[in-house]
Amino acid sequence: MTPWMPSALWIERSEAESDLARRLRARLPAVPLRMVDDTAEAEPAGDFAEGKRRLVVKRHRGTFLQHCPAGTPGLVCCNYLVVSFAANCPFDCSYCFLQDNLANNTAIKAFSNVGDGLSEIDAVLRAHPDRTFRIGTGELADSLALDHLTDLSRELVPFFAERPNGLLELKTKSTGVDNLLDLDPKERTVVSWSLNATRIMATEEDGTASLEERLHAARRVQAAGYRVGFHFDPIIAHEGWEDGYRQVIERVFRRLDTRRVAWVSLGSLRMTPGLKAAIKARPNPSLVLTGELVPGPDGKERAWRGLRVKIYRRMLDWLQQIDARMPVYVCMEPPGVWSKVFGQTPSDREVAEQLVAQRPLACRVSTAR
Amino acid sequence: MPDGGLDAALRTFTQERRYSAVAVARWLAMTPEDGEALLELARELRLGENQLRDLWDWAEDIASRDQLSVARVLALEPVRLARRARHVGRNDKLKLVKTALRRVRYPQLAAAEERLAALVRELDLPRTVRVRFPEFLEGDEVRVEIVADSAAALAAAADRVRAAAATDTCKAIFRLLEEAP
């Protein structure tokens, strides 16, 4: 895939001499540059697609580290933390929740005060030396899509390598792993890819790396000493889902060292009213809207529960046929779904601990059902 | 409807029924064909905004999924038959239309619900026992309600429930609730 390049670079004037701003100016000499006092000027009103072509360097004001939104009451939560060094993503997945969350804030942001974010992480890790935290940068942005421009991973991987109770996850749909290959993660960084059924990847994930490209990148980072992770999220119940997801599982997991897979998550599409409206407003019809989505207790629409359980069970079976010890978990699901899929409902803390330790949550499932 | 006629008719109807500004704007943004078809349905069933909401959302979802216009969706055979039902009151007709449209919107879910209803009938429980499933089957808990006016009636109903719980039919109900067929 071709690495993303912005059509314009906007730099907050007060951050003009930051390392990030200097680096980007040097790497993007031909890209039109604007220095502004207020980066709100960079936001193209109501044009999400145009926003995704603009790169804004600014200071992040507020907290970098947040709890993952899966910590909603009534859902089992894996105690994941998200840290946002960037916001928005150059890819154009039809189902992406950022279309709703960042509807009025569409330009891609790279935050210049990375050191402040690292200090926050350091403070949390030091305050709780007895706990291990999984911390990901892929919530509001693709973790590696801008890395060829920002080199952010070259700060993050060594930072986490020195911290025994922090586990970094870089989550991506890109192939931007070059920066990682000569670093020693010391088991403290997991590089993960979002995956979907073949048809969904082909029609709903515009601009992202193909399955083969993602797999190739995953093999490269595994060879460089990283553990890898995979997220089937959002799983979309569409016609042909069984073949579509099974093919991807077979193609990916037969060609990797599954002992070096840190985790695999399964998460059904969650649809807010705002996201639904955004998807309907897209120029091309989306398969995402074809599913039987029904409202859940948290106000989000999902495939109805019996169907979700069926899909999770099938996918878990296919994964376990390849490696019975594959650490699989489901994302943003109530205890009832966990117990139907895994034969047990672990506590939030147990899920977190098992994922950190790379112990399979699913190992008791086959007999429990 | 003549040019401008639809907008005026729509504004009059929504004003009379106190629709929100958001709903009116959404309606006005529809193609004239779709807006008119929806207005026809809303008038026919004298629908307030809350009553129309599900029908409207489902019709749009089906339209997106099946690449049809909303007008075409509202004219699909099952919906048309429900709208033409004779000798039924307005509330029952609304229920029929809603059921028909819901079945088109959620074919697998509706099939599962219908199968569950059939299995409950097979349990042959007395009328004093009601079996209820979670809305949209989002959950696997079944509520069994017994209405009794004496200890003896309660004991008799409970015996029937106990007997029903031991049947394969009852197991089939829970299997179906657990995983889609």
Side-chain angles (χ1 to χ4, degrees), chain A residues 74-75 94 236-239 241-242 268 270-271 273-274 276-317 333-343 345 368-369, chain B residues 20 22-23 25-27 29-31 34 50 53-54 56-70 72-73 98 101-116 119 133-143 171-181:
Chain A
L75 304 177
S94 66
I236 293 167
H238 60 290
E239 206 179 325
W241 65 264
E242 291 195 80
S268 181
R270 283 85 69 187
M271 182 86 80
K276 196 170 184 178
I279 295 173
K280 282 184 177 175
R282 293 174 66 88
N284 299 315
S286 167
L287 273 176
V288 171
L289 296 174
T290 64
E292 294 191 33
L293 304 176
V294 299
D298 59 358
K300 293 177 183 170
E301 290 187 4
R302 294 168 167 80
W304 59 289
R305 181 168 155 154
L307 186 53
R308 300 204 307 276
V309 168
K310 179 177 183 172
I311 295 173
Y312 293 150
R313 283 177 167 177
R314 297 293 179 280
M315 292 181 72
L316 181 61
D317 280 347
E333 288 291 359
V337 169
W338 275 80
S339 71
K340 294 291 181 280
V341 177
F342 296 110
T345 307
R369 249 191 268 149
Chain B
S20 67
V22 174
R26 180 182 170 196
W27 207 327
M30 296 176 88
T31 64
D34 287 350
N50 287 338
R53 186 173 296 123
D54 281 347
W56 191 346
D57 286 347
W58 295 341
E60 284 197 339
D61 289 346
I62 297 162
S64 295
R65 182 189 69 195
D66 298 347
Q67 299 297 292
L68 298 171
S69 66
V70 168
R72 283 284 306 279
V73 171
K98 216 168 165 176
L101 207 53
R102 191 176 184 276
R103 200 176 283 143
V104 181
R105 173 66 189 92
Y106 304 110
Q108 287 186 72
L109 175 65
E113 288 170 333
E114 282 163 20
R115 177 72 186 131
L116 283 170
L119 288 168
F133 299 107
E135 195 179 7
F136 292 109
L137 304 186
E138 184 60 35
D140 52 6
E141 287 169 356
V142 176
R143 280 182 189 277
K171 287 180 192 134
I173 287 174
F174 283 99
R175 264 201 311 276
L176 187 51
L177 272 179
E178 185 171 313
E179 185 182 311

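This one's a predicted model, so the numbers in the text were calculated from it and none came from an experiment. Here is how names work: the chains are called A, B, and so on, in the same order as the sequence lines, proteins then strands, and each is numbered from 1.
Under the salt bridge (Lys or Arg N to Asp or Glu O under 4.0 Å) rule, B:E179 has a single partner from A:R308, A:R313, A:K310, A:R305, which is A:R313. With B:V73 as reference, B:L101 is the one residue of B:D66, B:L101, B:D34 to meet the side-chain contact (heavy atoms from CB on, under 4.5 Å) rule.
In terms of the ring-ring contact (aromatic ring centres under 6.0 Å, His included) criterion, B:F133 has no residue partners (sequence neighbours excluded). Judged as a side-chain hydrogen bond (donor to acceptor under 3.5 Å, both in side chains), and not counting sequence neighbours, the contacts of B:D57 are B:R26.
The greatest number of non-hydrogen atom pairs below 4.5 Å with chain A, out of B:Q67, B:R105, B:E138, is found for B:E138. With chain B as partner, the option from A:L287, A:V288, A:V294 having the largest number of non-hydrogen pairs under 4.5 angstrom is A:V294.
Residue contact with chain A, scored on non-hydrogen atoms closer than 4.5 Å, involves the backbone and the side chain of B:P107 alike. In this structure, no portion of A:R302 lies under 4.5 Å from any heavy atom of chain B.
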